[in-house]
Amino acid sequence: MPNSTAVDAAFALGKTLKDTCPITGNGDLYGLGIRIGLYLQIFTAQISGLASHVLEVDDNIGHAVVVFILATGTVLLRLILQQRIEAVEVFPILSLLVVQLGACRVPFWKKPMTVAIYLGEVVCLLSLTTWFWFHGMDTLPRSCRDDFAFFFKRVSIWNWFRKFSQAGTILAVIGGGGGVLVYLFMLPALIYSNFSQWTRGWRREDNRGEEGEHPDMGTGSFEIAFELGIVVYVEMALKWNNISGVHTLKTPGQFMPFFIALAQFITTFYRIGKYALIQSMEDDNGGPEGEFLFSIFGDRC
């Protein structure tokens, strides 16, 4: 629980910024189009990962997710540093970014620069989450006497739920930080192997298809269920705190992230369907796609 001095200072800062209760949300950060874009990217990444596991299709959605997280996270950090956002606005979007980062799969053998950015985002988001739940939420403006989150029912974010989130953050830091350290420890070997025939075989589509060298980047049912829970968590937090101004697609800033994510979603399904059709034709005709097409059109040329 924050002390009374910190609470009074938070309310005073909220009055200085002319915040009202309930608050008017920042549509440029977590408006409806941006939220739907984030949701679509999360599930597109999972679908792409599942396809890479079942159909051995390249999982190429990771770099787009990394860029999306970088853009949204930068805006969030700027608002926090300027103290122009309340704690009740921070925790839903911060949780969503962390989960989106967890859903992202970046093939280290193909995009080393993207992996470097991804690792930087892991460190920054985990650091920001730790700061927020342990100290930062006390320093941000506050206009309502209580703020709520979804945990199977409506609960206050300032009581036991805060301690629960602190414990979850510690576990996330241990897991995420350990992964970063393992990657950094393996980095010299990965750089060296990048020049070897083994890695070059992975990077070539024809070799990888022949050799079956396809690293498992699949997904699991638990991950998808957890991410559905995060969608409910975010939307119920906005509803129960009566945050307005973030439930419409009328503003121009909502269209670009929404349609970018929608295009990625449709493109991923198209690519999976195309590959599945090609694979089905190969299986039915006992040969590669080129031989099948030649058997149909070759005599007509």
Side-chain angles (χ1 to χ4, degrees), residues 2 29-30 34-35 37-39 41-42 45-46 49 61-83 85-108 111-140 147 149-151 157-158 160-187 190 217 219-220 222-227 229-231 233-234 237:
L29 176 63
Y30 58 95
I34 295 173
R35 296 200 314 277
L38 290 171
Y39 300 153
Q41 280 207 329
I42 287 176
Q46 293 289 16
I61 197 67
H63 65 282
V65 178
V66 167
V67 173
F68 212 103
I69 294 172
L70 181 62
T72 308
T74 301
V75 175
L76 175 62
L77 180 60
R78 180 183 177 187
L79 292 173
I80 289 175
L81 293 177
Q82 295 175 348
Q83 292 188 319
I85 188 170
E86 296 198 12
V88 68
E89 301 176 88
V90 173
F91 80 88
I93 193 66
L94 188 58
S95 302
L96 186 57
L97 289 177
V98 171
V99 170
Q100 188 181 26
L101 194 66
C104 177
R105 293 168 177 79
V106 182
F108 65 85
K111 296 180 173 63
M113 182 56 68
T114 305
V115 171
I117 298 174
Y118 174 83
L119 292 178
E121 290 177 348
V122 170
V123 173
C124 290
L125 277 178
L126 288 179
S127 300
L128 183 59
T129 303
T130 303
W131 171 85
F132 173 78
W133 286 113
F134 282 87
H135 174 68
M137 61 190 300
D138 298 327
T139 68
L140 295 174
D147 302 304
F150 171 80
F151 193 77
I157 67 172
W158 299 97
W160 66 265
F161 184 78
R162 182 178 185 179
K163 296 184 181 298
F164 176 82
S165 299
Q166 289 172 347
T169 300
I170 292 174
L171 294 177
V173 169
I174 293 174
V180 171
L181 291 177
V182 168
Y183 178 81
L184 293 177
F185 179 76
M186 294 174 59
L187 187 59
L190 293 176
M217 295 178 65
T219 184
F222 173 78
E223 294 179 53
I224 296 176
F226 181 76
E227 285 150 9
I230 287 295
V231 172
Y233 173 82
V234 172

Ignoring hydrogens, what is the shortest heavy-atom contact between F150 and Y233? Give both atom names and the distance. O-CD1, 3.2 Å
Should V123 and S127 count as side-chain neighbours, where that means a heavy-atom distance under 4.5 Å? yes
Rounded to the nearest 0.5 Å, how far apart are CD of Q82 and CG of L77? 10.0 Å
What's the spacing between L125 CG and F132 CZ if we round to 0.5 Å? 13.5 Å
Exercise answer: donor-acceptor pairs, residues 89-100 side-chain atoms, under 3.5 Å, sequence neighbours excluded:
unit_1: E89; atom_1: OE1; unit_2: Y30; atom_2: OH; d: 2.6
unit_1: E89; atom_1: OE2; unit_2: E86; atom_2: N; d: 3.0
unit_1: S95; atom_1: OG; unit_2: F91; atom_2: O; d: 2.7
unit_1: Q100; atom_1: NE2; unit_2: Q41; atom_2: OE1; d: 3.0

List the atom of V66, the atom of E121, and the distance in Å for their closest heavy-atom pair. O-OE2, 2.7 Å
Is I80 close to W131 at the side-chain level, that is, under 4.5 Å between some pair of heavy atoms? yes
Can you check whether L140's main-chain N or O pairs, donor with acceptor, with Q83's side chain at less than 3.5 Å? no
Test I34 against L29 for side chain to side chain contact (heavy atoms under 4.5 Å, CB included), laying out the working first. CA-CA 7 Å; I34 295 173; L29 176 63; 5.7 Å; no
Under the 3.5 angstrom rule, does the side chain of T72 hit a backbone N or O of I69 as a donor-acceptor pair? no
What pair of heavy atoms forms the shortest contact from M137 to I157, and how long is it? CE-O, 3.8 Å
Heavy-atom nearest pair, L126 first then G176, reads CD1-CA, 3.9 Å
Flag side-chain contact, heavy atom, 4.5 Å: W160 against F151: yes
With ring centroids as reference points, do F164 and W133 lie under 6.0 angstrom apart? no
Nearest 0.5 Å please: distance from the CG atom of L181 over to the CG atom of L119. 10.5 Å
How far does CZ of F68 sit from CD1 of I42, to the nearest 0.5 angstrom? 10.0 Å
Can you name the nearest heavy-atom pair linking L101 to Y118, along with the distance? O-OH, 3.2 Å
Could you pull out all residues at least two apart from F134 that satisfy ring-ring contact (aromatic ring centres under 6.0 Å, His included)? none
Can you tell me how far apart SG (C124) and CG (L70) are? Round to the nearest 0.5 Å. 9.0 Å
